[in-house]
Amino acid sequence: MSAGSTNLERRILRRAGQAVVRYGMIEDGDRVLVALSGGKDSWTLLHCLHALRRRAPVRFEVVAVTVQPGFPGFDTGPIEAYCRARGYAHFTEPSRIYEIVEARRDPASSYCSFCARLRRGVLYGVARREGCDKIALGHHADDLIETLLLSQFFTGEIKSIPPVLQAEDGENVVIRPLCRVFETDIRAFAAARGFPVVCCGCPVCGTQQKRKQVKALLGRLEAEHPGIKASMLSSLGRVRHGYLLDPENRHRRHGLAGQGRAGAVFASER
Ligand code: SF4
């Protein structure tokens with residue numbers, strides 16, 4: 001690798017390592033299941049976790065799984081061959097995701113959200129079966145800030161993608177070690193390393209209009225005002241609750257439970 005790409009790798013590893021430590025993602029003895037779709041993000045994630053494992057002060061295992069959704073044309077062969085050549089623990093998990101989405105999806109609902117829910121279900125089951133303590137996903141910094149804007153623009157909420165999430169099944173814990181790594185670095189790194197990036201073959205891949213528009217908007221803003229994306233990422237960790245419209249803020253401010261003093265007065269006067 002060239003000096004440039006070595007610096008790039010250092011930067012990615014530093015930011016991923018900081019995220020792992022800051023959010024307490026990995027503990028001694030953990031077995032981490034990496035969701036390896038074969039895209040640039042999941043390859044970079046797998047590479048990072050193996051590199052961090054070699055230098056971490058705690059011991060942890062990394063095992064990668066590729067969920068085969070059954071989309072026509074999705075070939076897991078190059079993924080399996082690369083992992084075998086690198087000596088990475090990896091297996092392919094068959095599933096009926098495509099068949100189920102096609103047969104049961106409500107046409108008015110989102111293809112992606114149904115597919116993602118089924119995929120999560122497969123991953124949670126695999127993690128339980130394989131005795132994995134954490135499930136690592138390849139979401140990166142751009143995913144976080146795009147989701148923040150999408151939530152504000154289209155659902156009227158301020159929220160994004162958490163770095164660590166206790167899954168809804170109450171058992172699995174999802175971690176996102178690339179949450180502070182920007183996509184431009186990941187794209188350049190995946191190309192420099194020559195990861196065998198494969199397309200998932202799904203019928204809607206790359207067609208999510210709103211996300212594409214938000215990504216393009218952020219790209220234009222970043223070109224005009226370099227540093228905007230970094231500032232947005234940083235804002236996700238520095239929420240000033242008292243300057244938002246959430247009524248819960250009143251309770252935080254006064255340290256009061258329930259409706260607070262004014263609420264109690266109104267209630268007693270009823
Ligand atoms: S982009 Fe394709 S593979 Fe990804 S969640 Fe949507 S439907 Fe599923």
Side-chain angles (χ1 to χ4, degrees), residues 33-46 64-80 82-83 90-127 135-151 153-155 157 159-163 165 167-169 172 174-179 181-184 186-187 190 195-219:
L33 182 73
V34 178
L36 179 66
S37 66
K40 65 183 188 331
D41 308 335
S42 63
W43 277 121
T44 303
L45 172 66
L46 183 62
V65 61
T66 301
V67 175
Q68 168 56 280
F71 295 131
F74 180 56
D75 179 11
T76 57
I79 302 175
E80 288 156 0
Y82 187 89
C83 287
H90 169 263
F91 60 94
T92 297
E93 183 71 13
S95 80
R96 294 171 49 230
I97 291 175
Y98 180 51
E99 191 189 319
I100 295 172
V101 176
E102 288 292 319
R104 301 207 202 137
R105 183 177 71 94
D106 169 0
S109 72
S110 146
Y111 200 102
C112 273
S113 58
F114 193 16
C115 168
R117 202 164 65 238
L118 293 172
R119 196 183 281 268
R120 268 200 307 275
V122 174
L123 281 175
Y124 293 170
V126 168
I135 300 172
L137 302 182
H139 296 104
H140 47 64
D142 290 74
D143 289 324
L144 268 65
I145 60 178
E146 287 163 16
T147 302
L148 173 68
L149 287 186
L150 283 164
S151 304
F153 291 171
F154 301 108
T155 62
E157 291 176 307
K159 67 172 192 180
S160 181
I161 304 174
L165 178 74
E168 55 267 35
D169 68 356
N172 285 292
V174 173
I175 60 172
R176 298 180 167 97
L178 300 183
C179 63
V181 181
F182 283 100
E183 189 175 20
T184 41
I186 291 175
R187 186 174 291 112
F195 294 139
V197 172
V198 297
C199 170
C200 72
C202 94
V204 301
C205 187
T207 62
Q208 298 98 328
Q209 284 307 325
K210 288 175 183 163
R211 187 167 286 274
K212 273 168 81 173
Q213 285 170 338
V214 165
K215 189 183 276 294
L217 171 68
L218 283 167

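We're numbering straight along the sequence, starting at 1. Whatever order the structure lists ligands and atoms in, that order sets their numbers, starting from 1.
Within a 4.0 Å radius of atom 4 (Fe) of ligand 1, the protein has no heavy atom.
At least one side-chain heavy atom of Trp43 sits under 4.5 Å from a side-chain heavy atom of Tyr82. No side-chain heavy atom of Leu33 sits under 4.5 Å from any side-chain heavy atom of Asn172.
Geometric assessment of Lys210 against the ring of Phe153 yields a negative cation-pi assignment under the 6.0 Å and 45° thresholds.
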Intermediate values then yes/no, side chain to side chain donor-acceptor pair (under 3.5 Å), Arg105 and Ser110: CA-CA 8 Å; Arg105 183 177 71 94; Ser110 146; over 6 Å; no
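Within ligand 1, counting atoms from 1 as listed, the ones closer than 4.0 Å to a heavy atom of Phe71 are 3 (S). Taking every non-hydrogen atom of Gln208 and a distance limit under 4.0 Å, the qualifying atoms of ligand 1 come out as 1 (S). Atoms of ligand 1 lying under 4.0 Å from at least one heavy atom of Arg119, given by number and element, are 3 (S).
Atom 6 (Fe) of ligand 1 has an N, O or S atom of Cys112 under 2.8 Å away, backbone or side chain. The distance from atom 8 (Fe) of ligand 1 to the nearest N/O/S atom of Cys115 is under 2.8 Å.
For atom 2 (Fe) of ligand 1, the nearest non-hydrogen atom of the protein is Cys202 SG, 2.2 Å.
Considering Val67, Thr207, Ile97, Val204 only, the shortest heavy-atom separation from atom 7 (S) of ligand 1 involves Val204.
With hydrogens and angles disregarded, no donor-acceptor distance shorter than 3.5 Å links the side chain of Ser95 to the backbone of Val67. Listed for the Thr66 side chain is no donor-acceptor partner under 3.5 Å among the backbone atoms of Thr92.
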